[in-house]
Chemist: 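First the structure, which I've put down as structure tokens, then a few questions once you've had a look.
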Amino acid sequence: MNGWVRTYRQSKNVGFIQLYDGSCSKDLQIVISPPQGTFLTGDCIKVNGELIPSPKPLQPFEVSCHSWELLGSSQGDAYPLQKKNMTYEYLREIAHLRPRTSTFSSIFRLRSHICYAIHEFFNLQNFFYVNTPILTTNDGEGGSSPFRVTTLDPGEKDFSQDFFKEPSLLCVTGQLEAELLAMGLGKVYTFGPTFRAENSHTTRHLSEFWMIEPEMAFADLRQNQTLALDLLKFVVKKILTNHSDELECLQKFDIHPPLDSLEKFLSTPHSLISYTDAVELVQKSKVSFEKQISWGDDLQTEHERYLCEKVYNGPLIIENYPKSLKAFYMYVNDDDKTVAAMDILVPGMGELIGGSQREHRLDILEKQMIDKHIPIDKFQWYLDTRRFGTCPHSGFGLGLERLISWITGVINVRDAIPFPRTPGNCVF
Ligand code: 4AD
Ligand code: MG
């Protein structure tokens, strides 16, 4: 067995090593009798021995060590992970070492299981996994905050001399290209990194995050909602059924997966309200919000959390938002005031999913683009989908780190990704 020493203690004539190799949430006890040498937390060792039933009920088995070899010493007191009561802020500063803690190895194993479950779900539903560009020249949301990509020297502004001969960006979404692919493949999904240069210092925002974006031809907003709920349920069920040991491990370290609430989500019908009803509920509530709203205003986080946690006490879909609040590509409803948009909110988090039915009628889409100052000439390729055999279609975006945070109970999305990028921080 190869692994790293979590702890070492010696009693009388026996030495006990708690060894981990990252494969699961449990340590393996190595018993050395009589003790030979001493071990430091973080040491990497190779152990030869015999796997035997454990005499104490603390673990089912242990290894009786015959010989061992030091592969890498951890240099004693300098090893930063020995401190007691390390805060999550401190651990973020040493993000290169935190995968070695029980907490973060569990979180990152869960991240892997969640990703795998998402792929499994889409594969079972006959979606094709597609890859959309990361380097792009379109800001797919219109008015989002993209990162610029350039090979020009600082100060140079002549983009005709730039690598792509025009201003280029990191993608904020893969949606527009996913729509193109859905017109040829029917049902597709992307699963990739997206980048936003928003100056948001919250527990829910990252500058680089991973997004899952399904796109379905011949689907309306209802079918979109069903797909989103089915996906969430599939993933939650997989994790609760197959990886409860990892969730239990987190509880030991003061992270509390909302197990009851997740179970309830699996067994109860979903809640769905319109934006208009949401505003009315906020206005009628007795809670004193920091911000009052009227129809047409964006729901603030405090309002979303009130609706989701206090009124509905579980995941909540809000649909049909004012068209002024949402992106240019959303389907304009018959009232000509709202669009067929949906946000899915979850307790403790707020928005987990954002999606819509897409505007597939060329004339209305063009009008929306003009109204929202989208440079139509640069989007002819996008409009071609509406020119040549257009059809109703829908999709959504699910933020991976928010999904992980919701399921695991991790408070800050910065702890749901190995190396978080946030304003002022791009280390490692
Ligand atoms: O609501 P958003 O901006 O929607 C889109 O980008 C659409 N193009 C998706 C689509 O319809 N295909 O982002 C979707 C989700 C959010 O609900 C949230 O979970 C996550 O992406 N998200 C972020 N996660 C972490 N940090 C950020 N800065 C995020 N911005 C969005
Ligand atoms: Mg959104």
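Any value given below was found using the heavy atoms of this structure, including those in side chains, with hydrogens, waters and symmetry copies removed. Start at 1 and go down the list; that is how both ligands and their atoms are numbered.
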Chemist: For ligand 1, indicate whether the residue Phe396 contacts it via side chain, backbone, both or neither (heavy-atom separation under 4.0 Å).
Modeler: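 Just the backbone.
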
Chemist: Would you check if there is a donor-acceptor pair between the side chains of Gln225 and Glu319 at a distance under 3.5 Å?
Modeler: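 Yes, a side-chain donor-acceptor pair sits under 3.5 Å.
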
Chemist: Tell me the nearest of Glu351, Arg414, Arg204 to atom 17 (O) of ligand 1, using heavy-atom distances.
Modeler: Glu351

Chemist: I'd like to know if Met330 contacts ligand 1, where contact means a heavy-atom distance under 4.0 Å to any ligand atom.
Modeler: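 No.
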
Chemist: Determine whether the side chain, the backbone, both or neither of Val413 has a heavy atom under 4.0 Å from any heavy atom of ligand 1.
Modeler: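 Neither part.
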
Chemist: Determine whether Glu304 and Met349 make a side-chain contact, defined as any pair of heavy atoms from C-beta on separated by less than 4.5 Å.
Modeler: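 Not in contact.
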
Chemist: What protein heavy atom is closest to atom 18 (C) of ligand 1, reported as residue, atom name and distance in Å?
Modeler: Arg402 NH1, 3.5 Å

Chemist: With the threshold set at under 4.0 angstrom, would you say Tyr329 reaches ligand 1 through any of its heavy atoms?
Modeler: yes

Chemist: What I want to know is whether Gly399 and ligand 1 share at least one N or O pair that is separated by under 3.5 angstrom.
Modeler: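 There is such a contact, yes.
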
Chemist: Measure centre to centre between the rings of Trp406 and Phe265, then say whether the value is under 6.0 Å.
Modeler: yes

Chemist: Please determine, by modelled atom types, if His393 and Glu179 share a side-chain donor-acceptor pair under 3.5 angstrom.
Modeler: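 Result is yes, a qualifying pair exists.
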
Chemist: Determine the interplanar angle of the Tyr189 and Phe122 rings, folded into 0 to 90°, and report it as parallel if under 30°, tilted if 30 to 60°, perpendicular if over 60°.
Modeler: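 Tyr189 vs Phe122 ring planes: parallel.
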
Chemist: Is the ring pair Tyr382/Phe379 parallel, tilted or perpendicular, if the boundaries are 30 and 60 degrees?
Modeler: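 Because their plane-to-plane angle is over 60°, the rings of Tyr382 and Phe379 count as perpendicular.
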
Chemist: Can you give me the closest heavy-atom contact between Asp297 and Leu325, atom names plus distance?
Modeler: O-CD1, 3.6 Å

Chemist: Specify which N/O/S atom of Glu351 comes nearest to the Mg ion (ligand 2), by atom name.
Modeler: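 Closest to the Mg ion (ligand 2) among those atoms: OE2.
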
Chemist: Less than 3.5 Å between some nitrogen or oxygen of Glu215 and one of ligand 1, yes or no?
Modeler: no

Chemist: Starting from atom 26 (N) of ligand 1, find the nearest protein heavy-atom neighbour and note its residue, name and distance.
Modeler: Leu206 N, 2.9 Å

Chemist: Can you report which non-hydrogen protein atom sits closest to atom 4 (O) of ligand 1, along with the distance?
Modeler: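 Residue, atom and distance for the closest contact: Glu141 OE1, 4.1 Å.
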
Chemist: Is there at least one pair of N or O atoms, one from Ser356 and one from ligand 1, spaced under 3.5 Å apart?
Modeler: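 Checking ligand 1 against Ser356, no N or O pair falls under 3.5 Å apart.
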
Chemist: Would you call Leu169 and Phe195 a side-chain contact if the rule is heavy atoms closer than 4.5 Å?
Modeler: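 In short, these two side chains do not touch, never coming nearer than 4.5 Å.
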
Chemist: Within the side chain of Glu309, is there an N or O that forms a donor-acceptor pair under 3.5 Å with the backbone of Gly348?
Modeler: yes

Chemist: Does ligand 1 have a heavy atom under 4.0 Å from the side chain of Met349, from its backbone, from both, or from neither?
Modeler: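 For Met349, there is no contact with ligand 1 at all, from either part.
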
Chemist: With heavy atoms only and a cut-off of under 4.0 Å, state how Leu352 meets ligand 1: side chain, backbone, both or neither.
Modeler: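 Looking at Leu352 and ligand 1, just backbone atoms fall under 4.0 Å.
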
Chemist: So for ligand 1, is Met211 a polar contact partner (N or O within less than 3.5 Å, distance only)?
Modeler: no

Chemist: Please work out, at 4.0 Å between heavy atoms, whether the side chain, the backbone, both, or neither of Arg196 comes within that distance of ligand 1.
Modeler: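 Near ligand 1, Arg196 shows its side chain, while the N, CA, C and O stay back.
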
